[in-house]
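Each ligand, and each atom within it, is numbered from 1 in the order the structure gives.
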Amino acid sequence: MKRVYNFSPGPSALPLPVLERAAAEMTDTNGTGQSVMEMSHRSKDFKPIIEKTGALLRELMGIPPNYQVLFLQGGASLQFSMIPLNLAAGENALTPGAPRKSVSYIETGIWAKKAAEEAAKYAAVSVRASSKDRAYTYIPQAPAPAPGDAYYHITLNNTIVGTKWAEIPDTGTVPLAADISSCILSEPLEVSKFGVLYAGAQKNLGPAGVTVVIIREDLIGHAPSWVPALLRYDIHAEEASMYNTPPCYGIYIIGLVLEWLRDLGGVAVMAQLNREKADLFYQYLEQSKLFRSPVEKPYRSLMNIPFVCTEADPVRRGDMETRFVKDAAAQGLMNLAGHRLVGGMRASIYNAMPIEGVKALIRFMEQFN
Ligand SMILES: *Cc1c(COP(=O)(O)O)cnc(C)c1O
């Protein structure tokens, strides 16, 4: 069997034991004589799968009972729309000139910016702080919310630029909404500090096609009547993510990933492993003459680590970086190109990346010239 070290930012590597178990259960899951892909989502065979997945996520993240866990479609990007539609939009939000509720956004990268742009279709968006002035290489100070804000939005881990919030901002009574697509379950997170959390599964949780939403119950049920059924948290919550056919197979794989994580010791143990991996790589970058991290130290992500060649001449640097990505791939170190908007390189080292993968990458970098 050939397996590479896959540093892709998403969809990304899954734990090998999860893939092997899914393969073993492909044609006959839990003695049902069916693949999960063939099961009715309303059947007695599928029900325990979605329920177990939800319960395990609650257990591992310590989700309080007054929060709902939803399994939705549309990616993290659809949450850029669903959050303003459900938490801020009024009946007249689409009428030109009608008053709109205010919402606060912190712009820490390209995803944060996209989220704010979607919200501006339904709410009065105020970008309260931005790190664009230094190419998003740091997390700005978070100002207090504006009085009356319907919510306050942050991107907890910025996948493209490789920054993360070191501290969760205190937004008082204004619900904090956070995109945790690329850091869910990477470290312990105090869910009660947030009103809504959301994550596309394909980074750290499972396959593409499922989005997990964790939402405090009092924030459900405020969407105006014109919001389509499939974009309403109240309908998804009432129907326990089964208003229509959920992404059944993806939910099943998330369940296997969560079991793998639980058996490893849970999120605290995972966080320890993630810190070891990230420390090793950052320490290597610190002493390297050839490579460096463009991200300011206090804000460096554990999950996505961009790096660039130190070569000053931009043309030679570009050539080196292209050669780096190509030669690394030839050694089975895959998907190390930086995001197309920022260039350079990026190693995404999510939960499923073993420390051996990071060591192999460092060995490759040590002999690269
Ligand atoms: C990948 C990513 C997104 C976009 O996710 P989709 O599921 O493709 O919509 C949004 N936010 C963050 C932080 C991401 O890493």
With respect to [X], determine whether any N or O atom, backbone or side chain, lies less than 3.5 Å from an N or O atom of ligand 1.
X: Ala76; result: yes
X: Gln202; result: yes
X: Asp179; result: yes

Quiz prompt | Selected option - heavy-atom contact closest to atom 9 (O) of ligand 1, from Ser77, Gly200, Ala199 | solution =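 It is Ser77 whose heavy atom sits nearest to atom 9 (O) of ligand 1.
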Quiz item: Relative to atom 15 (O) of ligand 1, which among Leu78, Thr159, Thr155, Asn204 owns the nearest non-hydrogen atom?
Solution: Thr159
Check each atom of ligand 1 against the heavy atoms of [X] and keep those under 4.0 Å away; list them by number with element.
X: Gly75; answer: 7 (O), 9 (O)
X: Phe80; answer: 10 (C)
X: Ser181; answer: 11 (N), 12 (C), 13 (C), 14 (C), 15 (O)

Take a 6.0 Å sphere around [atom1] of [X] and say whether it holds more than 12 heavy atoms from other residues, nucleotides or ligands.
X: Gln141; atom1: CD; value: no
X: Tyr138; atom1: OH; value: yes
X: Lys114; atom1: NZ; value: no

Quiz item: For Gln79, is the nearest heavy atom under 4.0 Å from an atom of ligand 1?
Solution: no
Quiz item: Taking the six-membered ring of Tyr136, is NZ or CZ of Arg134 closer than 6.0 Å to its centre and within 45° of its axis?
Solution: no
Quiz item: What part of Lys114, side chain, backbone, both or neither, has a heavy atom within less than 4.0 angstrom of ligand 1?
Solution: neither
Quiz item: Does Tyr198 approach ligand 1 within less than 4.0 angstrom via side chain, backbone, both or neither, non-hydrogen atoms only?
Solution: neither
Quiz item: Tell me, which protein residue and heavy-atom name are nearest atom 1 (C) of ligand 1, and how many Å apart are they?
Solution: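 Nearest neighbour among protein heavy atoms for atom 1 (C) of ligand 1, to 0.1 Å: Lys203 NZ, 1.5 Å.
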Would you please classify the geometry between the [Y] ring and the [X] ring as parallel, tilted or perpendicular, with 30° and 60° separating the classes?
X: Phe291; Y: Phe368; result: tilted
X: Phe281; Y: Phe307; result: perpendicular
X: Tyr122; Y: Trp226; result: tilted
X: His153; Y: Tyr151; result: perpendicular

